[in-house]
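Below is one structure; the comments refer to it alone.
Please read these numbers as outputs of a predicted model, since none were measured by experiment. All ligand and atom numbering here is 1-based and tracks the order in the structure.
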Amino acid sequence: MLVYSPPHPLIKHWLAILRSNFTPPPMFRSATAELGRLLIYEAMREFQPTVEQQVETPLGAIADATICDPDQPIKVVPILRAGLVLLEQAQQVLPFHQTYHVGYVRDPTTLKATAYLNKLPPVLSPTDLFLITDPMLATGGTIVQVIEDIVSRGARAENIRVVAVVVAPPALKKLADKFPGLKIYTAMIDEQVDERGYIVPGLGDAGDRAYGTP
Ligand code: URA
C-alpha cells in the first residue's frame, strides 16, 4: 500500500492552521479545502484517464491537447460529514466526476462504524475509478467498511485513491493488511489514536470544527 505525503510548504502551512485550537470554523473549512485541492491534484497525477485531441486556438493555429476522458468519470465517495469539504474541491478540480455520498456513525464505546446512508449503486465495474474523501483516518473502522462496500459491488481496491488530511498508524495498518494495492494521499501521518478514537496530536473533530458544532 502506498501512503504519500507531498513535501510541500503550502501543505505544511494549511495543516498548521487546522491544528491550531484557535482557528475558527470558516478558516478551518477553507484550510481543509486548500489541503484537499493540493492532495487531490497529487492523487490524480497517474490516475486520471486522459485522451488526446486537437484544439483551435484564437490564432487560428491547431494545437495538440490532452484532456480528461469524459467516458471515465472519477467516482467520488465523500464520507459524511467532514468529507463534504473535500468533495467540494474534488467537484471543482475534476472535469468529469460522479458523487456517491456515504455516512457512518461510530459507537463511542466500541468505535464500530454503522452505515446510515449509502448511495453507492448495487453493481460496480472492475474498471471504475474511485476517490474517497475523509479528512481523518484514525482507527480505520469506517474507511475499511467503505472500501469493503465498494469492492463487494465489483470494483477493485487498486482503482481507489483516498484523500485524507491526517492519518494514524491503526488505520494504515488495517488498510495495508486488507487492501495492499490501495493508495492514500495525506498531509501528515500522526503518531497515535487516543482511547476515544481521536488522532493525537491531530486537529480535533474535523466535522465539528468545519461546521461549528459545539
Ligand atoms: N475523526 C475526527 O474528526 N478526528 C479525529 O481525531 C479522529 C476521527
What are the two closest heavy atoms between Met1 and Leu172, and how far apart are they? CE-O, 3.5 Å
Short side-chain donor-acceptor distance under 3.5 Å, Tyr100 and Asp149: no
Is there a donor-acceptor contact under 3.5 Å from the side chain of Arg209 to the main chain of Pro25? no
Is it possible for you to say whether Val85 and Ile79 belong to one hydrophobic cluster, with membership spreading through side-chain heavy-atom contacts below 4.5 Å? no
Flag yes if Val146 and Met136 sit in one hydrophobic cluster, no otherwise; membership is Ile, Leu, Val, Met, Phe, Trp, Tyr, and two members link when side-chain heavy atoms are under 4.5 Å apart. no
May I have a table of the N/O to N/O pairs between ligand 1 and the protein that fall below 3.5 Å, each row giving the two atom names and the distance to 0.1 Å?
unit_1, atom_1, unit_2, atom_2, d
ligand 1, 3 (O), Ala206, N, 2.8
ligand 1, 4 (N), Gly204, O, 2.8
ligand 1, 6 (O), Ile199, N, 2.8

I need the minimum non-hydrogen distance between Val193 and Ala138, along with the two atoms involved. CG2-O, 3.6 Å
